[in-house]
Amino acid sequence: MANGRDRREPVFDAPAGQAGELEFRLSPEDRAGGTMARRRASRNDDDRPRRPSRPKKAKRRSGRSFFSKLVYAGLVLCLWGVIGLGGVVAYYASQLPPIDQLAVPKRPPNIAIMASDGSLLANRGETGGRTVTLKELPPYLPKAFVAIEDRRFYDHFGIDPVGIARAVYRNLSNSGGLQGGSTLTQQLAKNLFLTQERTASRKIQEAILALWLERNYSKDQLLELYLNRVYFGAGAYGVEAASQRYYGKSARNVSLSEAAVLAGLVQSPSRLAPNRYPDRAQARAELVIAAMNELGFITPGMTKTALGAPAEPVRPAGAGSANYAADYVMDVLDDFVGTVESDIVVSTSIEPSMQTAAERVLVDELNAKGEKFNVSQGALVALQPDGAVKALVGGRNYETSQFNRAIAARRQPGSSFKPFVYLTAIERGYTPETVVDDAPVSYKGWAPKNYDRKYRGPIALRDALALSLNTIAVKLNMEVGPKAVVQTAQRLGISSPLQANGSLALGTSEVTPLELVSAYAAFANGGIGVVPYVITQVKTTDGKLVYKRPNSGGLGRVIDPGVVAQMNDMMHNTFVIGTAQKAQVPGWPMAGKTGTTDDYKDAWFVGFTGNLVAGVWLGNDDGTLTKRVTGGNLPTEVWHNFMTIALKDQQPVALPGSERFRTPSDVPVANAGGDPRYANAGDRSWVPPAPQRRASREKNFFEKLFGL
């Protein structure tokens with residue numbers, strides 16, 4: 001053993017003759033080495049007995065193992081799918097604000113602008129209509145939305161698996177048209193928090209937010225939010241805005257057939273708009289009504305009535321001029337209420353009948369004569385002598401042009417500016433009887449001429465203003481000083497920049513129709529300067545007073561009453577012998593002044609009674625010359641037609657100082673238009689008295705003005 005000669009390696013082969021007693025040999029399958037071992041076994045041990053094969057029972061176990069593995073693999077895949085989905089949901093949830101910081105965004109406030117009689121002029125704001133509550137609406141209106149958009153609204157938890165399955169089935173089977181599986185709550189979540197993009201990420205976030213909404217709000221609260229936020233097309237957000245837009249009425253007053261159209265509209269506002277595609281809108285409304293009947297929301301009788309009386313959208317009436325007045329309201333609203341945080345109701349001085357009349361007469365005149373005289377645009381402003389705006393038309397058609405010419409267009413007023421020149425002269429001692437020589441004038445090479453290129457010699461100021469003589473106006477302007485005339489105009493309310501030069505007398509400095517008419521109001525009310533106003537009060541929708549116009553808000557006295565009487569006497573003469581004879585309204589004392597620029601770009605007439613002041617401008621936006629439109633033709637016709645309607649059924653009101661007017665028989669006229677009240681038409685024999693000394697007149701004026 002020491003040298004290892006007698007050492008034996010262990011073997012596992014049994015000795016001959018003992019194989020049957022003990023089997024230690026490994027089969028090829030049991031040996032390490034796999035295939036190679038089997039090959040060696042086949043070469044070396046072919047003569048050795050093989051291990052018995054496994055019974056068939058083992059194969060059956062192998063089959064069940066495969067099925068178990070398949071089930072197991074499926075469960076694992078599902079688990080990983082759930083984990084993956086949870087990860088995706090968690091990721092997109094992380095892109096949202098923290099749940100504890102979520103809040104329903106505040107709805108942009110609506111501004112309801114009301115006329116003086118309480119009727120709605122227009123809605124302003126981003127939504128186009130005010131917020132309404134469910135209890136304000138007819139019961140069938142919210143039910144119409146539930147029936148067509150989410151019939152299981154009161155049963156699901158924000159996400160409706162049944163509704164999704166139904167939508168998938170109908171889409172695959174092509175029955176009932178393509179349908180979506182979003183609930184009203186999901187649609188609300190999208191409108192409140194998300195964009196309109198159609199992506200998987202947006203749908204996941206929508207579902208998350210829908211669950212949050214359902215947890216924090218009741219079903220009725222969610223439905224109310226939905227009805228006030230959903231988009232109906234044409235800039236209308238919310239059912240109130242849509243009802244006003246398409247049916248000209250509040251959502252509180254819509255019929256069942258109208259409610260069905262509105263409910264069907266939200267699926268595709270552009271494709272189902274009732275004012276553009278009435279057939280599509282009606283077909284969709286019939287589906288809504290059928291769904292309501294199926295769910296028992298309405299009776300068979302109501303169904304039959306609604307189907308038999310389809311909704312008819314309102315057609316915009318006229319040129320939409322009320323929107324010009326509404327825009328003016330919005331321009332000045334900030335001055336009174338500041339930032340608007342909630343829905344408000346703004347009461348105005350606009351009188352609907354006057355607004356309608358102003359629009360109609362202006363549009364009719366332009367339609368009838370605009371092409372012939374090459375005039376395309378106009379503006380009309382009417383206000384009470386205290387400054388309350390009763391009508392404001394800023395253009396021919398609001399849909400075509402939203403530019404508000406009544407308040408924003410500065411145009412040369414022409415001779416309608418001359419009353420400020422004459423007023424300055426009267427305040428410095430001139431009188432209506434003062435005689436001035438109508439003759440050629442020249443100032444440093446500038447030689448203004450009269451409209452008819454004629455000169456009348458000595459003439460009273462009363463007649464010179466009525467006949468709109470340029471030479472007399474320029475002489476007076478240079479006599480009293482252009483700066484003084486500028487100060488007079490500003491004192492009466494002209495705020496546009498005025499150039500203190502010789503041509504100022506001819507109205508070369510631009511003004512807006514609103515400020516010119518407002519300045520004339522001082523003549524109509526006896527000498528009190530006014531600030532034009534349109535807003536009378538502002539309230540919240542629950543009745544809380546935000547602003548109320550004070551009783552006094554004018555500029556105070558700006559003209560002495562005696563001077564007002566003299567000015568009104570002269571401007572009344574414009575209706576008697578002057579350029580405004582066609583503007584007379586029988587029985588009404590009137591005064592005013594026409595205006596025309598030298599190149600016929602602008603034509604004006606501003607006139608007044610004791611209870612109403614109105615002004616008309618006609619011209620072209622691009623400054624194109626008209627074909628000889630003057631203040632005495634088209635603007636005067638528009639003014640006359642408007643005043644005839646506005647003063648109808650009212651008692652005539654005397655002009656301030658009219659008791660001092662000369663009687664018609666005392667008035668020299670060139671042509672009184674055949675009016676029998678002026679029997680001496682054409683009589684020019686009257687000669688005004690010689691003017692008094694200026695110093696004496698000025699002394700008397702200032703004694704009256706300052707009470708000296």
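Keep in mind that the numbers below use all heavy atoms, side chains included, and drop hydrogens, waters and symmetry copies.
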Straight-line distance of [X] [atom1] to [Y] [atom2], nearest 0.5 Å:
{"X": "Ile535", "Y": "Asp335", "atom1": "CD1", "atom2": "CG", "result": "8.5 Å"}
{"X": "Leu287", "Y": "Glu294", "atom1": "CG", "atom2": "CD", "result": "11.0 Å"}
{"X": "Leu392", "Y": "Asn323", "atom1": "CG", "atom2": "CG", "result": "12.0 Å"}
{"X": "Arg280", "Y": "Ser268", "atom1": "CZ", "atom2": "OG", "result": "8.5 Å"}
{"X": "Ser270", "Y": "Leu272", "atom1": "OG", "atom2": "CG", "result": "8.0 Å"}
{"X": "Leu256", "Y": "Tyr140", "atom1": "CG", "atom2": "OH", "result": "6.5 Å"}

Is Arg549 close enough and on-axis enough to Tyr533, meaning under 6.0 Å and within 45°, for cation-pi? yes
Closest contact, heavy atoms only, Val239 versus Leu262: CG2-CD1, 4.1 Å
Working note: Glu149 + Arg284, criterion salt bridge (Lys or Arg N to Asp or Glu O under 4.0 Å); need CA distance, chi angles, decisive distance, verdict. CA-CA 12 Å; Glu149 288 294 317; Arg284 177 71 173 167; 3.6 Å; yes
[X]-[Y] side chain donor-acceptor pair, cut-off 3.5 Å:
{"X": "Thr133", "Y": "Glu224", "answer": "no"}
{"X": "Asp220", "Y": "Ser218", "answer": "no"}
{"X": "Thr185", "Y": "Lys219", "answer": "no"}
{"X": "Gln244", "Y": "Asn123", "answer": "no"}
{"X": "Asn397", "Y": "Glu399", "answer": "no"}
{"X": "Glu240", "Y": "Ser250", "answer": "yes"}
{"X": "Thr541", "Y": "Arg130", "answer": "no"}

Ring-plane angle category for Phe336 and Tyr547, please: parallel below 30°, perpendicular beyond 60°, tilted otherwise. tilted
Please step through side chain to side chain donor-acceptor pair (under 3.5 Å) for the pair Lys539 and Ser347, ending with a clear verdict. CA-CA 8 Å; Lys539 289 184 176 181; Ser347 299; over 6 Å; no
With heavy-atom distances below 4.5 Å as the criterion, would you say the side chains of Pro300 and Asn293 are in contact? yes
Flag the pair Thr127 / Arg229 as yes when at least one side-chain heavy-atom distance between them is below 4.5 Å, and no otherwise. no
Option passing side chain to side chain contact (heavy atoms under 4.5 Å, CB included) with Arg124 (candidates Val346, Asp327, Asn110): Asp327
Check: Tyr398 ring centre within less than 6.0 Å of Tyr324 ring centre: yes
For Lys106, is there an ion pair with Glu126 - N to carboxylate O distance below 4.0 angstrom? no
